[in-house]
**Student:** 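Below is one structure. I have some questions about it.
Keep in mind it's a predicted model, so treat the numbers as computed, not measured. All residue numbers refer to positions in the sequence shown, counting from 1.
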Amino acid sequence: MTAGVGGFGDPSAEVLADAAAAFGLLASSARLHIVWVLAQGESDVTGLAERVGGALPAVSQHLTKLKLAGLVRSRREGRRQVYFVDDPDVVTVVRLMVGQLTDRAALATGPRRISDVGA
């Protein structure tokens with residue numbers, strides 16, 4: 001790591017590549033929704049498909065990509081495969097970003113003042 005602005009060092013090229021890959025996977029709204037749901041608690045594919053409104057095969061493919069990237073894990077419960085996010089840092093990043101954007105959207109669509117309307 002090299003010294004950078006504000007006392008933060010620059011990460012290695014490998015760390016930046018790993019971060020870009022993780023953010024690339026989360027750039028899909030479907031995969032981001034899946035991680036959001038799993039951040040609330042574990043679920044099987046059927047439950048995820050119902051919650052995110054996706055087709056079962058598509059949700060399964062998204063889960064496979066998220067598992068390969070290490071963002072999601074699974075365990076077997078009888079005949080079901082149960083998925084979960086086992087990395088609290090991933091949960092924090094997703095909750096922070098979605099929470100911030102939700103707050104911004106609420107402010108943008110909040111009640112308008114008379115001074116906001118053209119006279």
**Student:** Given the rule that I, L, V, M, F, W and Y join up when any side-chain heavy atoms are under 4.5 Å apart, are Leu38 and Val91 in one cluster?
**Tutor:**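 Same cluster.
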
**Student:** Within a strict 4.5 Å, meaning less than it, do heavy atoms of the Val72 and Val90 side chains meet?
**Tutor:** no

**Student:** Roughly how far apart are Glu50 CD and Asp44 CG, rounded to 0.5 Å?
**Tutor:**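 That separation rounds to 8.0 Å.
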
**Student:** Measure the CG-CD1 distance between Leu26 and Ile34 for me, rounded to the nearest 0.5 Å.
**Tutor:**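 Here the rounded value is 10.5 Å.
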
**Student:** Distance-only, no hydrogens or angles: does the Gln40 side chain make a donor-acceptor pair with backbone N or O of Trp36 under 3.5 Å?
**Tutor:** yes

**Student:** So do the side chains of Lys67 and Ser74 get within less than 4.5 Å of each other, counting heavy atoms only?
**Tutor:**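 With C-beta onward as the side chain, the pair touches.
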
**Student:** Rounded to the nearest 0.5 Å, how far does CG of Leu96 lie from OG1 of Thr92?
**Tutor:**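 If I round to the nearest 0.5 Å, the distance is 8.0 Å.
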
**Student:** Leu25 and Leu32: side chain to side chain contact (heavy atoms under 4.5 Å, CB included), yes or no, with the steps?
**Tutor:** CA-CA 8 Å; Leu25 281 169; Leu32 183 59; over 6 Å; no

**Student:** Going through the checks in order, is the side chain to side chain contact (heavy atoms under 4.5 Å, CB included) test met by Val45 and Tyr83?
**Tutor:** CA-CA 8 Å; Val45 171; Tyr83 295 87; 3.4 Å; yes

**Student:** For Glu77, which residues count as a salt bridge (Lys or Arg N to Asp or Glu O under 4.0 Å) partner, sequence neighbours excluded?
**Tutor:** Arg75, Arg80

**Student:** Kindly indicate whether the side chain of Arg31, heavy atoms from C-beta on, has any atom under 4.5 Å from the side chain of Leu66.
**Tutor:** yes

**Student:** If you measure from CZ on Arg104 to OG1 on Thr109, what distance do you get to the nearest 0.5 Å?
**Tutor:**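 Answer rounded to 0.5 Å: 14.0 Å.
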
**Student:** What's the spacing between Ser28 OG and Lys65 NZ if we round to 0.5 Å?
**Tutor:**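 Between atom OG of Ser28 and atom NZ of Lys65 there are 8.0 Å.
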
**Student:** Of all the heavy-atom pairs spanning Pro11 and Leu16, show the shortest one and how long it is.
**Tutor:**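 Reported closest heavy-atom pair: CG-CD2, 3.5 Å.
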
**Student:** State whether the side chain of Ser60 and the backbone N or O of Leu56 hold a donor-acceptor pair below 3.5 Å, judged by distance alone.
**Tutor:**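 Not a single qualifying donor-acceptor pair exists.
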
**Student:** What do you reckon, is CZ of Phe23 surrounded by more than 12 foreign heavy atoms closer than 6.0 Å?
**Tutor:** no

**Student:** Please tell me whether Leu63 and Val37 are part of a single hydrophobic cluster in this structure, the criterion being side-chain heavy atoms less than 4.5 Å apart.
**Tutor:** yes

**Student:** Answer yes or no: is there a donor N or O on one side and an acceptor on the other, between the side chain of Arg73 and the main chain of Phe84, under 3.5 Å?
**Tutor:** no

**Student:** For Arg95 and Ala39, indicate whether the former's side chain and the latter's backbone hold a donor-acceptor pair under 3.5 Å.
**Tutor:** yes

**Student:** Quick one: salt bridge (Lys or Arg N to Asp or Glu O under 4.0 Å) partners of Asp18, sequence neighbours excluded?
**Tutor:** none

